[in-house]
Amino acid sequence: MAPPAPGPASGGSGEVDELFDVKNAFYIGSYQQCINEAQRVKLSSPERDVERDVFLYRAYLAQRKYGVVLDEIKPSSAPELQAVRLFAEYLAHESRRDAIVAELDREMSKSVDVTNTTFLLMAASVYLHDQNPDAALRALHQGDSLECAPGVAVATQRPPVLSPAPRKELKRMQDQDEDATLTQLATAWVNLAVVSPRENGSRSGVRNQPEQE
C-alpha cells in the first residue's frame, strides 16, 4: 500500500511551511504544478521569495526551458539563484561545458559557503551530468540539508547490488524528518533498488549476493 500523502510540513517552531505545495510538486516531478504554485503563492519574507524562485527556476530547468532561466536570473540576483543559472548554462551550452566544469572545480577548491544548499545541489547536478559522481559526492557531503541526502544515495548507487551508502543516507533522512516527502520518496527508491536486482536474478537464474548491512 502506498504511504499516505503528506500534509503541509511544519518546522521546529510548529509553523506551516509556506512553500510546501511548491516543494512537494517539484519533488514528485509535477513541474508545471510547481511553477503554477510558485507564481501564485504569497510569502512573508524576501528570503522565502528567493527560496521560491529557486524551485521555480529548477522546475523550468526540468522542463528544459533553459532560456527562461538564463534570461530572468540577473547578475544582481541572489547567490542561490546564480547557482541555478550556472546549471542552466551547463545544460544550454554543450560547447562550454568543459569550461564551466573547470570554473566550478576552482570554486569548489575554495572555501565554499556550505549554508548555500542550492549551490551544493547545482554543483552536484553538474558533476553528475558530467559523469563525475565522486565530485558530486564531495559537494553533497558538505551540506546537511535533507535535500542533499537523496543525491548522495543516487551518486553512491552501484548496480546491480545496492551498496550500504544509500541505506545510511536514508536512515539519516528518517532521523531528520521521517514524514517529509523527500524521505518517503527516498524510502521507495531504496526499496525498489533492493527488489529489482532480486527479481532480475530470479528471472535469469542468478543468485544474488547477500546484502550488507
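- Counting non-hydrogen atoms of neighbouring residues, nucleotides and ligands closer than 6.0 angstrom, the CG atom of D175 exceeds 12 such neighbours.
- E107 and V112 make their closest contact through O-CG2, 3.7 Å (heavy atoms, listed as atom of the first residue, atom of the second, distance).
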Let me see the working for L104 and Y127 under side-chain contact (heavy atoms from CB on, under 4.5 Å), right down to the final yes or no. CA-CA 9 Å; L104 181 58; Y127 284 131; 3.6 Å; yes
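- For Y90 and D130, the side-chain atoms include at least one donor-acceptor pair closer than 3.5 Å.
- Every residue two or more places apart in sequence or in another chain that forms a side chain to side chain contact (heavy atoms under 4.5 Å, CB included) with A59 is listed here: F26, Y31, C34, I35.
- Across N116, T115, T117, a single residue satisfies side-chain hydrogen bond (donor to acceptor under 3.5 Å, both in side chains) together with D113, and that is T115.
- Side-chain contact between E37 and V22 is present, with at least one heavy-atom pair separated by less than 4.5 Å.
- When all heavy atoms are compared, the tightest approach of P133 to L128 is CA-CD2, 4.0 Å.
- Side chain of H129 to main chain of S125: a donor-acceptor pair is present (N/O by atom type, distance under 3.5 Å, no hydrogens or angles).
- Looking at F119 and M108, their side chains come closer than 4.5 Å, going by heavy atoms from C-beta outward.
- In terms of heavy-atom proximity, E178 sits nearest to Q184 at O-CG, 4.2 Å.
- For Q82 (side chain) and K74 (main-chain N/O), a donor-acceptor pair under 3.5 Å exists by modelled atom type.
- For the atom pair CD1 (I100) and CG (D105), the distance works out to 12.0 Å, reported to the nearest 0.5 Å.
- Side-chain contact check for L81 versus T118: every heavy-atom pair is 4.5 Å or farther apart.
- By the side chain to side chain contact (heavy atoms under 4.5 Å, CB included) test, A92 pairs with Y66, L70, sequence neighbours left out.
- The distance from the CD atom of Q142 to the CG atom of L137 is 11.5 Å, given to the nearest 0.5 Å.
- Considering CD1 of I28 and CD of Q33, their distance stands at 6.0 Å, rounded to 0.5 Å.
- Evaluation of the salt bridge (Lys or Arg N to Asp or Glu O under 4.0 Å) test over residues 49-65, restricted to residues two or more places apart or in two chains, returns K23-E51, R48-E51, D49-R52, R58-E147.
- Here the closest non-hydrogen pair linking A139 and A123 is CB-CB, 4.3 Å.
- A distance of 11.0 Å separates CD of E72 from CZ of R85, quoted to the nearest 0.5 Å.
- Rounding to the nearest 0.5 Å places CZ of R138 at 13.5 Å from CG of L120.
- Y60 approaches V69 most closely through the heavy-atom pair CB-CG2, 3.9 Å.
- Here the CG-CZ distance, from D21 to F55, works out to 12.5 Å after rounding to the nearest 0.5 Å.
- Counting non-hydrogen atoms of other residues, nucleotides and ligands closer than 6.0 Å to CD of E94 gives a total of 12 or fewer.
- For the pair V126 and L91, the minimum side-chain heavy-atom distance is 4.5 Å or more.
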